[in-house]
Novice: 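Before I ask anything, let me first share the structure, which is written out below as structure tokens.
Every chain is numbered from 1, with letters handed out A, B, ... down the list of sequences.
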2 protein chains.
Amino acid sequence: MLINELSKKTGITAHTIRYYERYGLIKGVRKNEIKSNKYYHYDDEVVEKLQLIRDAKSIGFTLSEIKQLLDAWFSKKFNVAKKVAVLDEKLISIDEKIKQLKEVKKLIAQFKREVEENDC
Amino acid sequence: MLINELSKKTGITAHTIRYYERYGLIKGVRKNEIKSNKYYHYDDEVVEKLQLIRDAKSIGFTLSEIKQLLDAWFSKKFNVAKKVAVLDEKLISIDEKIKQLKEVKKLIAQFKREVEENDC
DNA sequence: TACAACCTTAGACCCTACTCTAATGTTGCA
DNA sequence: TGCAACATTAGAGTAGGGTCTAAGGTTGTA
């Protein structure tokens, strides 16, 4: 598929997709058999990657962290041990984020009780 | 206390503290009785606010969201209902973040199992 | 063949959240 | 009194993550 279709499928603008491509997160291919244009073609793996990018961004991962994750996910260059190490690292950082969220939640809930009780 | 002490107490640089002050998150006061300088003085409430800023930032709140939170927390201009509304909103957004984190965690854990099992 | 609707690149611009510099003034201690 | 260690302001610079524009080329349908 071309960039416009990819954009519609993922809800990510063509501009941003090109930005991600320059950043090295995804890769389109030019078809050798087509000589008349320089259009990039994207497959379903790219759709998956963009969905992962969206999800990972929403929980606060940076593009550089996401790049590591995608490499562990899709790269053939990494061996099993290396991939598992990257994934484990991300799992730990997610657990830390959850822990911090719960702490702040407790803090806010506590303050809410104070506001309600003391009318302050 | 002056800015340097505040910085040491909170681990936030004086530069960043001034940035937060310009942004409207905190406020120091100049003492009328001191005419020779224009130094700002900060009290313990500012220390508390900076700690909250640090915590809220760590879980991905923007400075603009943190401003709302601080207003609900410390402002005398807001009534109880308004404060509770802001706090509830933040509690909901924390729950959403936790939910998303758990989803991505599941995704990564799932993939980890695949990598381990299939040696891919 | 005209025209809308695509595609490409390079590069400028924007926002957030700092981070630093320069120029200048104040304080406290030897 | 000299001087290090503070304080102030305005404003410039930076990194991350987009977002947009201009200037061009291509495709498909009427």
Novice: In whole Å, I'd like the distance from the OH atom of A:Tyr23 to the C1' atom of D:dT19.
Specialist: 17 Å

Novice: Within this structure, what is the CG-to-P distance between A:Asn37 and C:dC7, rounded to whole angstrom?
Specialist: 10 Å

Novice: Could you tell me the separation between the NZ atom of B:Lys31 and the C1' atom of C:dT26, rounded to a whole number of Å?
Specialist: 17 Å

Novice: Taking 4.0 Å as the cut-off, does a side-chain nitrogen or oxygen of A:Ser36 come that near to OP1 or OP2 on D:dT27?
Specialist: yes

Novice: Calculate the interatomic distance between A:Lys67 atom NZ and D:dG16 atom P; express it in whole Å.
Specialist: 14 Å

Novice: Which one, C:dT27, D:dT9, D:dG18, comes nearest to the side chain of A:Tyr19?
Specialist: D:dG18

Novice: Would you mind telling me which of D:dA7, D:dG17, C:dT9 lies closest to the side-chain atoms of B:Ile3?
Specialist: D:dA7

Novice: Figure out the CD1/C1' separation between A:Ile34 and C:dC6, and round it to whole Å.
Specialist: 14 Å

Novice: Working note: B:Arg54 + B:Gln51, criterion side-chain hydrogen bond (donor to acceptor under 3.5 Å, both in side chains); need CA distance, chi angles, decisive distance, verdict.
Specialist: CA-CA 5 Å; B:Arg54 220 188 28 218; B:Gln51 281 159 355; 5.7 Å; no

Novice: Under the criterion side chain to side chain contact (heavy atoms under 4.5 Å, CB included), I'd like the reasoning laid out for B:Ile34 against B:Tyr39: C-alpha separation, chi angles, the key distance, then a yes or no.
Specialist: CA-CA 9 Å; B:Ile34 302 171; B:Tyr39 295 2; over 6 Å; no

Novice: Could you state the atom-to-atom distance from CG of B:Leu25 to P of C:dT16 in whole Å?
Specialist: 13 Å

Novice: Hydrophobic clustering (ILVMFWY, side-chain heavy atoms < 4.5 Å, transitive) - are A:Ile17 and A:Leu2 grouped together?
Specialist: no

Novice: Return the 5'-most residue of the pair A:Thr13, A:Lys38 with respect to DNA chain D, ranking by each residue's nearest nucleotide.
Specialist: A:Thr13

Novice: Give the intermediate values and the outcome of side chain to side chain contact (heavy atoms under 4.5 Å, CB included) for residues B:Leu52 and B:Ile66.
Specialist: CA-CA 8 Å; B:Leu52 180 67; B:Ile66 293 170; 5.6 Å; no

Novice: Between A:His15 and A:Glu5, who's closer to the 5' end of DNA chain C by nearest nucleotide?
Specialist: A:Glu5

Novice: Check the distance between D:dG17's P and A:Arg54's CZ and give it to me in whole angstrom.
Specialist: 17 Å

Novice: Of the options C:dA17, C:dT26, C:dT9, whose atoms approach the side-chain atoms of A:Tyr40 most closely?
Specialist: C:dT9

Novice: Return the nearest nucleotide to the side chain of B:Lys8; candidates are C:dC18, D:dT27, D:dC6.
Specialist: D:dC6

Novice: On the nucleotide C:dT16, are OP1 or OP2 found under 4.0 Å from the side-chain N or O atoms that B:Lys57 carries?
Specialist: no

Novice: So, B:Asp95 and A:Lys105, do they make that salt bridge, N to O below 4.0 Å?
Specialist: yes

Novice: Counting the atoms with a prime plus P, OP1 and OP2 as sugar-phosphate, which does B:Thr62 contact under 4.0 Å by heavy atoms, base, sugar-phosphate, or nothing?
Specialist: sugar-phosphate

Novice: Check the distance between C:dG11's P and A:Arg22's CZ and give it to me in whole angstrom.
Specialist: 11 Å

Novice: Can you tell me whether the side chain of A:Tyr39 and the base of D:dG25 have a donor-acceptor pair closer than 3.5 Å?
Specialist: yes

Novice: Would you say B:Tyr20 places a side-chain N or O within less than 4.0 Å of OP1 or OP2 belonging to C:dC18?
Specialist: yes

